[in-house]
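As structure tokens, the structure follows; a few thoughts come after it.
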Amino acid sequence: MPIYEYKCKACNKKFEEIVLGGEEPDACRFCGSKKIGKLMSAGCFHTKDKSGLTTKSSASASSCSGCSSSSCAGCH
């Protein structure tokens, strides 16, 4: 199931929606504004050494510490 991230242009809150059959949300779930935009989701990767320890994470350059969440939308 595709999950997309959106940001409300009225209240600046970010939220995720499961989109089935191309049905996009028509309003912000927080304030009800119809001024929402789809965000581009950031990809994530982890590089591990031969022993299986994580040596590098794409989240290390951001304020995240490489959490196990599937999306950063809930963090911001």
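For reference, positions follow the sequence shown, starting with 1.
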- Message: With a 3.5 Å distance limit and no angle check, can you tell me whether R29 reaches the backbone of E17 through a side-chain donor-acceptor pair?
- Response: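 No, because the side chain of R29 does not come within donor-acceptor range (under 3.5 Å) of the backbone of E17.
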- Query: Side chains of Y4 and E24: do they bring a donor and an acceptor to under 3.5 Å?
  - Reply: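 No - no donor-acceptor pair under 3.5 Å links their side chains.
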Do [X] and [Y] come close enough that some side-chain heavy atom pair is under 4.5 Å?
X: L39; Y: K14; result: yes
X: I36; Y: K7; result: no
X: C8; Y: F30; result: no

- Task: Looking only at non-hydrogen atoms, find the nearest pair between G32 and A27 and report the distance.
- Result: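 What the structure gives for the nearest pair is O-CB, 3.5 Å.
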- Message: If you apply the rule side-chain contact (heavy atoms from CB on, under 4.5 Å), what do you find for K34 with D26, and how did you get there?
- Response: CA-CA 6 Å; K34 297 204 181 271; D26 59 351; 3.9 Å; yes
